Protein chains: 2
Amino acid sequence: MTFQFVNPKMFVMGIVERKSRQKQALRERILDAARRIVMREGFAALSMRKIADAIEYSPATLYLHFASRDEIAQTLCAEGYAQLLETFVPLAQIADPAERLKALGRAYVAFGVAHPETYRLIFMEDPSYTGAALGGAATASGKTNLAPAKADDDPGDAALHIMLTALEELKAAGRLSASMDLAVWAEAFWATLHGIVALNLTCPVFPGAPLDTVVGVALDTWLGTQSAGQPQRAARSARAGGKKKSAEAPAELHAEAGGEPAAQPSQPSQPAARAGKKATKPAGASANEPATKPKAASA
Amino acid sequence: MTFQFVNPKMFVMGIVERKSRQKQALRERILDAARRIVMREGFAALSMRKIADAIEYSPATLYLHFASRDEIAQTLCAEGYAQLLETFVPLAQIADPAERLKALGRAYVAFGVAHPETYRLIFMEDPSYTGAALGGAATASGKTNLAPAKADDDPGDAALHIMLTALEELKAAGRLSASMDLAVWAEAFWATLHGIVALNLTCPVFPGAPLDTVVGVALDTWLGTQSAGQPQRAARSARAGGKKKSAEAPAELHAEAGGEPAAQPSQPSQPAARAGKKATKPAGASANEPATKPKAASA
DNA sequence: GTCTATAGCGTGATAGAC
DNA sequence: GTCTATCACGCTATAGAC
């Protein structure tokens, strides 16, 4: 036979690899399409049919790559969270712990307003999505998932760890009450940032203040007023006669606070979600979930 | 004729009134059923069919009382917001402005965790619902809607006004930076409370700290440390100088902070929507909305 | 005023041909 | 691996009989 001297396995392996690459590529296309839909129309509008239309495959094909719509959503969450974490990395180098925390806070808020639908998906939709993000961010990030079960990172706690480290330094420097429970402080601080983002995403009630200003006041309140490097001691904000400087604007507040390029276009034009009438239908939907009406864009 | 001495109009008017009462009663039954569904299964699971089933009428009948599912949702929002405002009323009597703000903050958070689905509906779902709540709370509250167009109240700003008043007192007393923009401070403060509630409702990520503790730290940070020991005994704490111990728990944090009975059972058990995996599929649905908006059914 | 029936649409997911 | 076809739902909203 013509091929008798060649190990057939070589061909097989090459074919297997090619198929694997193709499969992986399609998986990425699916996720890309899903990401675009979520950003443009909100998570509630994400459906298997729409994704299939976008990539020009049949809906049934999607199920060869993802077990369900939920699995796609969770993957998006993990990706988004990894993206958020990347934003934090360079900020961890800031020497002064208070300034570091402020920078992290600004980056967090900036991410939320820059990627509203991603933020919603991760932190405002369904706890199971939040869990997926925190638990699966490592595999979703740059690393290949050839060793997905590694989990030596647990990226879910990465952000928390960065925060707690800064807090410990702060306490060690006597700039935070020695009896303060750091975990509690961290949670309350995070809640403040989350509240600012969430309010901006769904409640345009206070059109009043510019986001930067609000963030500035919040950070000053939690971490004390200090311009740049000037370490100031204790000086908690709202003390009785205490501080009286005004709120200084925190300067920069852009999407890429860390100087990192964002994969997501973001700022899509406020997905019909809040712009149009209906917005994001909640949904956790399973069966049907007629989803959102935000057809605005498509039509 | 037997009835010749009686003005037929008297009968007519009585009949009209009876019919009006019956109609109003059915309207209330519809809202009751809707409220129960939202509390039990989440807003996403609210559908005309379910409401109709619950009150044992056909779906078509609902449209004689409400133009759409959305109108029902907005009415619920307005009711819920009115309920929240009622919680605030007694607290406005607290003399010390800082203590007043703390009590308001605790009441706010308590309301959020006591009525999670109502809170979601008002502040976390759709901006148009938030608007409906803030704009329509007066008519939804106790008052009859015989004079619905009155709008001399604008309850939407009521809460904000209470807060700003307290802030002005605080500033006047020198306990707040003279240059602080009160509106900004108010927004950031509200964001903190909202963040605490929102995080608790959708992100059981930090199981760590008890809610009371987190709220306590947040209030101390924003308003200075001073005992919050007893509920609202007019707070003897004349000024800030007083206590400075670490974060102490703020004591009470129950749903009925104001001492008012809540109509809603609340604490339904995390609607299947987010609790269980798939269970009750949410189904958001503005299903079709046949492009044409001409709903405007007769009232 | 109330109902039955249904139009019209959208969904998640699967079976089975190719 | 991909598609067509379809099942089995659930939804909003309306027409028209009674």
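All values reported here derive from a predicted model rather than from experimental measurement. The analysis underlying the following values was restricted to heavy atoms, covering all of them including side chains, and did not include hydrogens, waters or symmetry mates. We name chains A, B, ... by the order of the sequence lines, and we start the count at 1 in each one.
- Among all heavy-atom pairs drawn from B:R120 and A:E125, the shortest one is NH2-O, 3.5 Å.
- One atom, CG of B:D53, and another, P of C:dC3, lie 11 Å apart when rounded to the nearest Å.
- Atom-to-atom, CD1 of B:I37 to C1' of D:dC11 comes out at 14 Å; the value is rounded to the nearest Å.
- Between A:T61 and D:dC3 there is a side-chain polar atom (N or O) within less than 4.0 angstrom of OP1 or OP2.
- With respect to B:K50 and B:D53, no salt bridge is recorded, no charged nitrogen being found less than 4.0 Å from a carboxylate O.
- Whole-Å rounding puts the A:L64 CG to C:dG16 P distance at 16 Å.
- Closest to the side chain of B:Y57, out of C:dC3, D:dT14, D:dC3, is C:dC3.
- Residue contacts for B:K19: at a heavy-atom cut-off of 4.0 Å it reaches no nucleic acid atom on any strand shown.
- Between the C1' atom of D:dC11 and the OH atom of B:Y63 lies a distance of 9 Å, rounded to the nearest Å.
- The residue among A:M48 and B:L26 whose nearest nucleotide of DNA chain C is located toward the 5' end is B:L26.
- For A:A60, whose side chain is taken as the heavy atoms from C-beta onward, the closest listed nucleotide among D:dA15, C:dT14, C:dG1 is C:dT14.
- Rounded to an integer number of Å, the gap from NZ of A:K50 to P of C:dC9 is 15 Å.
- For C:dG10, its base never sits under 3.5 Å from the side chain of A:R49 at any donor and acceptor pair.
- Aromatic ring centroids of A:F111 and A:Y81 lie 6.0 Å or more apart.
- In this structure, A:L62 atom CG and C:dA13 atom C1' are separated by 11 Å, rounded to whole Å.
- Within the cation-pi definition used here (under 6.0 Å to the ring centroid, within 45° of the axis), B:R69 does not qualify as a partner of B:Y129.
- Protein atom CZ of A:R69 is 10 Å distant from nucleotide atom P of C:dT11, rounded to whole Å.
- Contact annotation: A:S47 reaches the phosphate of C:dT11 (side-chain N/O to OP1 or OP2, under 4.0 Å).
- Counting to the nearest Å, the C1' atom of C:dT2 and the CD atom of B:E56 are 14 Å from each other.
- Closest heavy-atom contact between B:C77 and B:I122: O-CD1, 3.7 Å.
- When each of C:dG1, D:dT14, C:dT2 is scored by its nearest atom to the side-chain atoms of B:H65, the top-ranked nucleotide is C:dT2.
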